[in-house]
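These notes are about the structure you will find just below.
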Amino acid sequence: MPHGRIVRRTGRNICILALTLPLGLPLVSAVIEKKGSVIIMSNTAAEYQFDTRRNYLLSSVKRTGTKARAVTWQGFACVNNTNQWMRESATNFAVARIETNTARTSASLSVSMTNASARITRRYTLGTDADLSVSCEAIMDRTAPVSGYTEYFTLAETNTRLYYVERFLENDGFVTRMTAEIPPQSPAVSSPSEHLSPVFAVMERTGGIRFTSGGPYWFSVGHQKTTISGAFRFDRPETAFASSMTISPVEGTNECAAVYTHYTSSNRHASPTAAIAAVSGRVQAWWDVSTAKVFRCDPVPERKEPIMLSAAQGETESFTLVISTGFPLSMLIPKYTALTNGTNSIGPEQLSWSIVDSAIVGESMDGGWAGDVPDNLKKGRAFNCAPAIHQPLWITVRVPAATPAGVYHGGISIMSTKRTVIDIPLSVMVRLFAVTNRSTAAFFDTRSTQLDQYYGKSEGQVMRDRYADFCIDNRAAPSSPLYKTSLMWSGAAPITRYASNGVITNNIDFTEFDTAVDSYLTRTGYPFVLLNCFQIGYSRAIQNNRFGSKSEILTPVWTARATNFARALSLHLREKRWNSRVIFTLFEDPYPEHVKTVTDYAKLLRSIDADWRFMASGLYASALADVLSVISVPARAYNPAVMRPLREKGKATWVYAPPGYQLDAPGASVRLFYWWLWKEHIGAVMQGSINTWSELSTQDTADAHRSASWVLPNEAGPLSTLRFELTREGLEDNEYLHLLERLTAQAPAGAVKTNAERLLAEARALVPDVYTVNDFRNPDDRAAATHDLRNRIGDMIESLIAGSK
């Protein structure tokens with residue numbers, strides 16, 4: 001069995017925990033030699049090669065007597081004051097000094113590199129065993145302090161592709177579709193502190209390997225995007241940084257190694273919204289608001305405050321509960337008691353929990369986090385805790401719509417197999433108002449091809465409904481009741497047959513259509529429904545459609561088919577009294593050359609029914625604005641100076657593809673987006689896909705940072721993420737704001753009305769006129785401000801309701 005060693009270095013207090021492996025060979029001190037463009041550091045146990053053409057970065061590793069494996073070390077990256085990432089490469093850094101040293105028991109290679117704003121020194125040390133110790137120091141120019149670091153380490157040769165985001169395709173703890181897994185103990189440092197923790201792991205499913213908390217963790221040869229040895233962002237700029245790791249080839253296969261890392265930074269910072277809720281011996285339970293992302297190595301807060309939530313009737317409220325221990329704990333599960341106010345209760349079935357797991361971010365976007373970022377939510381299963389490595393849990397409380405107002409008290413017990421580890425009090429204040437309206441529609445679609453690819457074609461059909469139900473349960477919905485197939489104009493759409501001149505030859509059966517529309521309106525609570533019956537283009541291109549091929553559009557026969565169907569549909573919708581509740585989508589993202597086609601098409605359909613409303617999503621085009629009732633533009637392209645005048649003319653303004661959903665963005669960038677929708681009077685938000693899983697794509701660039709993957713696949717259906725949970729929270733906040741606005745407008749003049757108007761102004765000031773992710777790069781302040789203002793809005797709504805009575 002391997003045994004451990006501790007190496008300490010004075011000054012930086014850098015601690016390296018490594019493995020010393022008994023390989024059955026006499027161990028002697030290492031030697032260094034140069035062969036061509038490679039420097040080789042070796043002993044009788046292992047050999048490491050460094051490429052002089054790539055700033056002396058590690059290029060291969062092998063145990064003695066085995067074939068060398070290709071290695072890619074992406075190196076050290078940092079953000080300077082121009083917010084640009086600099087890789088440790090010859091392009092960005094010049095090698096200033098090379099030192100080699102061979103002592104009695106070890107050999108070392110030291111490489112120092114500089115550029116205009118940084119000096120980086122990396123030292124490799126090989127002793128008498130197989131372990132390679134790696135340390136890195138960075139000193140930044142004080143005029144350009146660093147705000148982020150990233151190290152990549154990848155063994156790049158493999159016969160099996162390892163997917164980019166390794167962990168979410170699971171079932172009951174076993175990796176079912178992939179061979180790689182990042183351990184939950186990986187450090188991800190939004191507020192870095194001094195810690196010691198394993199970094200990367202790969203699980204081989206065929207070998208049945210499973211890991212619990214603690215180390216070591218192994219990684220094997222894999223796809224270049226699957227490994228990252230450490231990356232993080234500082235909350236405040238730093239001018240110095242040090243890191244260390246140890247690489248250990250593993251006996252039995254040359255495709256595995258164990259890595260430990262240690263980061264040192266003086267920048268310790270606890271979340272201002274976090275608080276300790278309970279302590280039992282060396283076990284602490286602390287909590288934070290839902291908008292604050294909790295990392296496994298964040299400092300434990302010092303302040304104490306019991307968990308008190310506030311929620312409206314019919315609202316779902318969540319928070320992060322964090323378990324920290326001073327000793328290993330295994331097989332833990334939460335157990336709930338009913339929340340009661342003495343008369344009424346909220347049953348334990350209304351509480352649920354998930355393990356907050358991390359997703360890997362190889363390189364940050366817009367200066368956000370990198371490394372392991374909390375996002376994946378694994379539905380309740382037993383979990384383990386390791387010393388100094390927190391385990392965040394996502395706790396959700398659903399308040400039934402009929403729950404009487406009042407303060408309800410209960411608790412959560414963290415149970416091991418034999419005993420109660422810690423009891424945590426929990427209180428929920430139920431508001432005297434409900435959030436049952438749907439003031440802003442959220443249309444989120446799932447990609448059928450991804451469902452079919454993951455679940456299989458027959459099971460994918462079942463999963464379409466399951467994913468749609470999941471959205472509806474979280475205050476969103478598919479964009480259309482005809483979502484059952486990827487061809488949105490088929491499925492529940494009424495079937496028509498035509499003669500050669502375009503006349504309808506069958507009696508149209510609207511039964512399935514009526515059932516789908518009626519169910520959709522009832523379940524979503526939306527005041528309108530989108531119908532794709534007349535859609536002729538998607539994803540910027542003209543498409544084949546229900547009236548013929550794309551080459552036939554607006555030809556005489558095609559036009560006859562479209563107008564005859566339009567007359568029949570208009571008559572039916574008027575009989576059902578749905579005509580005012582329907583919006584027809586015509587085109588998604590038309591290119592400029594398609595504008596005239598869409599314009600002529602809309603005029604043709606409006607000649608059949610003058611009351612019909614049409615929508616086409618895409619960049620704003622004034623010609624389309626003349627014929628469309630709904631203007632839907634990308635959220636990033638929203639221009640208040642253009643959209644506000646359109647609303648004043650009676651046009652509805654919507655947006656699609658909301659920003660802020662990349663993994664490394666703070667939670668506030670998701671939640672406050674729905675405050676912005678309220679501020680700008682935007683009636684709906686649309687997202688074409690919430691399941692663009694890059695793991696099932698042949699393109700490695702698909703869905704960068706999961707910006708279009710808000711739910712994750714599981715054998716039983718969708719798994720949620722922090723980003724999707726914050727979407728629901730944002731939509732509920734949106735209802736608070738609309739309700740406050742309506743009640744304020746109805747309130748009589750006086751102090752309460754004046755205070756309510758000030759609160760609305762404060763809410764508008766919290767979000768910009770033009771929504772960009774960069775507005776939310778101070779996550780702690782945004783999380784605190786969001787939750788404080790939301791609670792005051794709830795109090796004000798209750799004051800206005802009381803005043804109206």
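With 3.5 Å as the limit, one finds a donor-acceptor pair spanning the side chains of Asn532 and Ser480. Judged purely by distance below 3.5 Å, without hydrogens or angles, the side chains of Asn376 and Arg706 pair a donor atom with an acceptor atom. If you check the side chains of Glu729 and Ser290, you find a donor sitting under 3.5 Å from an acceptor. A donor-acceptor pair shorter than 3.5 Å can be found between the side chains of Glu735 and Ser439. The closest side-chain donor-acceptor pair between Thr320 and Asp288, if any, does not fall under 3.5 angstrom. No side-chain donor-acceptor contact under 3.5 Å links Ser352 and Arg398.
Although no hydrogens or angles enter the test, the distance criterion places a donor-acceptor pair under 3.5 Å between the side chain of Glu732 and the main chain of Thr316. Formation of a donor-acceptor pair under 3.5 Å by the Asn691 side chain with backbone atoms of Ser709 is not found in this model. For the pair Arg466 (side chain) and Ala716 (backbone), a donor-acceptor distance under 3.5 Å is present. Judged by distance alone, with hydrogens and angles left aside, the side-chain atoms of Tyr661 form no donor-acceptor pair with the main-chain N or O of Phe724 at under 3.5 Å. In this structure, Ser669 contributes its side chain and Gly660 its backbone to a donor-acceptor pair below 3.5 Å. The closest donor-acceptor contact from the side chain of Thr522 to the backbone of Ser519 lies at 3.5 Å or more, if one exists at all. Side-chain N or O atoms of Gln391 include none that pairs as donor or acceptor with a backbone N or O of Cys385 at under 3.5 Å. No side-chain donor-acceptor contact under 3.5 Å links Arg523 to the backbone of Leu521. Formation of a donor-acceptor pair under 3.5 Å by the Asn545 side chain with backbone atoms of Gln543 is found in this model. Looking at Ser632, its side chain never comes within 3.5 Å of a backbone N or O of Ala616 through a donor-acceptor pair.
When side chains are defined from C-beta on, Val399 does not count as touching Glu317, because their heavy atoms never get closer than 4.5 Å. Contact check for Trp654 versus Val633: no side-chain heavy atoms found under the 4.5 Å cut-off. In this structure the side chain of Lys335 never reaches within 4.5 angstrom of the side chain of Ile412, judged on heavy atoms. Counting heavy atoms from C-beta on, the side chains of Pro478 and Ile472 come closer than 4.5 Å. At a threshold of 4.5 Å between non-hydrogen side-chain atoms, the residues Leu351 and Thr396 do not count as touching. Looking at Phe383 and Val356, their side chains never come closer than 4.5 Å, going by heavy atoms from C-beta outward. Between Tyr467 and Ser448, the closest side-chain pair of non-hydrogen atoms is not below 4.5 Å. Between Ile355 and Leu377 the shortest side-chain heavy-atom distance does not fall below 4.5 Å.
With ring centers used as reference points, Tyr771 lies 6.0 Å or more from Trp675. Here Trp710 and Phe470 keep their ring centres 6.0 angstrom or further from each other. In this structure, the ring of Phe443 has its center no less than 6.0 angstrom from the ring center of Tyr656.
Note on Arg464 versus Asp445: no salt bridge recorded, every NZ/NE/NH1/NH2 to OD/OE distance being 4.0 Å or above.
Taking each heavy atom of Gly730 and Tyr674 in turn, the nearest pair found is O-CB, 3.2 Å. In terms of heavy-atom proximity, Ala382 sits nearest to Met331 at CB-CE, 3.7 Å. Here the closest non-hydrogen pair linking Phe513 and Pro494 is CD1-CD, 3.5 Å. Counting all heavy atoms, side chain and backbone alike, Asp357 lies closest to Lys378 at OD2-NZ, 2.7 Å.
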Exercise for review: Apply side chain to side chain donor-acceptor pair (under 3.5 Å) to the pair Ser707 and Gln662, showing each step before the final yes or no.
Suggested key: CA-CA 4 Å; Ser707 57; Gln662 59 263 37; over 6 Å; no
Set out, in order, the CA-CA distance, both residues' side-chain angles and the distance that settles side-chain contact (heavy atoms from CB on, under 4.5 Å) for His390 and Ile323, then state yes or no.
CA-CA 6 Å; His390 315 311; Ile323 308 300; over 6 Å; no
| task | Any chance you could lay out the side-chain contact (heavy atoms from CB on, under 4.5 Å) test for Leu393 and Val322, step after step, and finish with the verdict? | result | CA-CA 6 Å; Leu393 306 174; Val322 189; over 6 Å; no
Practice task
Any chance you could lay out the salt bridge (charged side-chain N to carboxylate O under 4.0 Å, His left out) test for Lys293 and Asp375, step after step, and finish with the verdict?
Solution key: CA-CA 8 Å; Lys293 293 184 177 181; Asp375 185 62; 5.4 Å; no
Run the numbers on Thr727 and Phe673 for side-chain contact (heavy atoms from CB on, under 4.5 Å), then give the verdict. CA-CA 9 Å; Thr727 298; Phe673 174 77; over 6 Å; no
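Note: His594 and Tyr591 have tilted aromatic rings, judged against thresholds of 30 and 60 degrees for the angle between ring planes. Below 30°, between 30° and 60°, or above 60°: for Tyr454 and Trp693 the angle between ring planes is above 60°, a perpendicular geometry.
Note that the OG atom of Ser617 and the CZ atom of Phe587 stand 11.0 Å from one another [nearest 0.5 Å].
Screening Arg475, Arg671, Arg728 against Asp733 for a salt bridge (Lys or Arg N to Asp or Glu O under 4.0 Å) leaves a single residue, Arg671.
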